[in-house]
Amino acid sequence: VVGGTVYPGIMFTSVIMKHITDFLGMPIDIRNICVLLAPFMSIFQCISTYLFTVEATNRVDAGLYSALFMAVVPSIISRGVAGSYDNEAVAVWALMNTFYLWIKACNTGSILWSVACTLNYFYMVLSWGGYNFIINMIPVFVLGTMFIQKFNTKIYIAYSIFYTLGSLMAMLITFVNYQVIRSSEHLASHITFVAVNIYMLIEVIR
């Protein structure tokens, strides 16, 4: 059943780009948009990698090097060539941009950045089954900050919003649905949510 098993993110992206080009008075055939989508999105992959690295290290030179590496990695190039109309064409950007927005949310403690991160995560869920990388890596990050005693209110705000809103939005996808609750792939996120609330409760009691 195609409608219940295909990730619709790449198709939504193609249609939106078609509407944008038509609105701008530059009508492009939808087939050409599909052919050129992967190399076009590769630009944003490099930009998001640069932003992620700068946000994490506060070093522009490191950001430039990371963008360069992203641009020349063969496995990334193979998914960014013209005609490569597959989920990874948009999902690699969604993956990197979600991590960038996550670090931004943790550094600022902003609800706005946390919501932006969650919306980007939802786009990733729409686009590729590899969203499991995100829903496991972020909880590991949070638990890591607790173990090294770097956990703070900013991270708590970021994760609480990401977990609750992200889980609810992921359940809107037909073939994800209750896997958010039942699947072992989401177990780390549930355990971490409980752990951070217990941690904050202990801190308040102290």
Side-chain angles (χ1 to χ4, degrees), residues 7 9-10 12-14 16-17 20-21 24 26 28 32-145 147-148 150-152 154-155 157-159 161-162 166:
Y7 288 91
I10 189 169
F12 285 157
T13 306
S14 303
I16 290 170
M17 290 181 68
I20 290 173
T21 55
L24 295 176
M26 299 183 297
I28 301 176
N32 293 329
I33 288 177
C34 292
V35 169
L36 297 173
L37 180 64
F40 179 74
M41 294 302 295
S42 296
I43 298 170
F44 297 100
Q45 292 173 18
C46 295
I47 293 172
S48 292
T49 304
Y50 166 81
L51 294 172
F52 167 75
T53 307
V54 171
E55 189 65 33
T57 64
N58 202 29
R59 291 182 56 182
V60 174
D61 58 339
L64 292 172
Y65 277 120
S66 65
L68 173 63
F69 295 148
M70 177 63 81
V72 299
V73 172
S75 59
I76 298 296
I77 292 175
S78 67
R79 288 161 173 78
V81 297
S84 178
Y85 193 70
D86 200 0
N87 294 328
E88 290 90 344
V90 296
V92 175
W93 169 76
L95 179 75
M96 286 307 307
N97 208 51
T98 301
F99 285 140
Y100 158 64
L101 293 170
W102 166 253
I103 296 297
K104 189 75 173 180
C106 289
N107 286 343
T108 61
S110 167
I111 294 176
L112 182 62
W113 284 112
S114 301
V115 171
C117 174
T118 306
L119 292 174
N120 212 97
Y121 167 69
F122 177 62
Y123 178 67
M124 179 65 175
V125 178
L126 274 173
S127 303
W128 190 32
Y131 77 88
N132 292 320
F133 293 132
I134 297 176
I135 203 59
N136 283 287
M137 284 298 295
I138 287 180
V140 168
F141 172 89
V142 174
L143 289 174
T145 60
F147 282 121
I148 63 173
K150 294 291 185 179
F151 185 79
N152 54 39
K154 293 179 180 179
I155 298 175
I157 292 171
Y159 187 72
I161 293 173
F162 172 79

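Side chains included, hydrogens not; waters and symmetry mates left out as well; all remaining heavy atoms used.
For Ser110, there are no side-chain hydrogen bond (donor to acceptor under 3.5 Å, both in side chains) partners, not counting sequence neighbours. Residues passing the side-chain hydrogen bond (donor to acceptor under 3.5 Å, both in side chains) test with Trp102, sequence neighbours excluded: none. The ring pair (Phe, Tyr, Trp, His ring centres under 6.0 Å) test applied to Phe122 returns no partner, not counting sequence neighbours. The side-chain hydrogen bond (donor to acceptor under 3.5 Å, both in side chains) check on Thr49 picks up nothing, with sequence neighbours excluded. Annotation: side chain to side chain contact (heavy atoms under 4.5 Å, CB included) contacts of Val115 (sequence neighbours excluded): Ile111, Leu119, Ile161, Leu165. Remark: Asp61 engages Arg59 in a side-chain hydrogen bond (donor to acceptor under 3.5 Å, both in side chains) (not counting sequence neighbours). The side chain to side chain contact (heavy atoms under 4.5 Å, CB included) search around Val92 returns Gln45, Ile76, Glu88, not counting sequence neighbours. Residues satisfying the ring pair (Phe, Tyr, Trp, His ring centres under 6.0 Å) criterion with Phe151, sequence neighbours excluded, are Tyr199.
In this structure, the side chains of Tyr7 and Val125 stay at 4.5 Å or more apart for every pair of heavy atoms. Inter-residue side-chain proximity for Tyr121 and Leu101 is flagged as unmet; no heavy-atom pair is nearer than 4.5 Å. Inter-residue side-chain proximity for Cys106 and Ile155 is flagged as met; some heavy-atom pair is nearer than 4.5 Å. Residues Pro39 and Val81 fail the side-chain proximity criterion, which asks for heavy atoms closer than 4.5 Å.
Within the structure, side chain to side chain donor-acceptor pair (under 3.5 Å) pairs that include any residue of residues 69-85 comprise Ser14-Tyr85 (at least two apart or interchain). Pairs of residues two or more places apart, or lying in two chains, that qualify as side chain to side chain donor-acceptor pair (under 3.5 Å) and include a residue from residues 128-141 are Tyr131-His186, Asn132-Glu185. Among residues at least two apart or in separate chains, salt bridge (Lys or Arg N to Asp or Glu O under 4.0 Å) pairs with a member in residues 100-122 are Glu55-Lys104. Sorted pairs that involve residues 34-49 and meet salt bridge (Lys or Arg N to Asp or Glu O under 4.0 Å), not counting sequence neighbours, are lacking altogether.
Closest approach of Leu64 to Tyr50, counting heavy atoms only: N-CD1, 3.6 Å. When every heavy atom of Leu36 is checked against every heavy atom of Ala82, the shortest pair comes out as CD2-CB, 4.5 Å. When every heavy atom of Gly63 is checked against every heavy atom of Ser66, the shortest pair comes out as O-OG, 2.7 Å. Closest heavy-atom contact between Met41 and Ala89: CB-O, 3.2 Å. Minimum interatomic distance between Ala158 and Ser114 (heavy atoms only, all atoms of both residues): CA-OG, 3.3 Å. Residues Ile134 and Pro139 come closest through the heavy atom pair O-CD, 3.9 Å.
Separating the CG atom in Leu95 from the CZ atom in Phe133 is a distance of 8.0 Å, to the nearest 0.5 Å. Atom OG1 of Thr98 sits about 3.5 Å away from atom CG of Asn120, to the nearest 0.5 Å. Atom CG in Asn32 sits 12.0 Å away from atom CG in Leu37 (nearest 0.5 Å). Distance CG/Leu51 to CE/Met96: 9.5 Å, rounded to 0.5 Å.
Around atom CE of Met137, no more than 12 heavy atoms belonging to other residues, nucleotides or ligands sit under 6.0 Å away.
Taking the six-membered ring where the residue is Trp, Tyr100 and Trp113 present perpendicular rings, their angle passing 60° and hence far from 30°. The aromatic rings of Phe44 and Phe40 sit perpendicular to each other, their planes meeting at more than 60°, with 30° as the lower class boundary.
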Derivation and outcome, side chain to side chain contact (heavy atoms under 4.5 Å, CB included), residues Phe52 and Ile103
CA-CA 7 Å; Phe52 167 75; Ile103 296 297; 3.7 Å; yes
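Defined by atom type and a distance below 3.5 Å, a donor-acceptor pair is present between the side-chain atoms of Thr13 and Tyr123.
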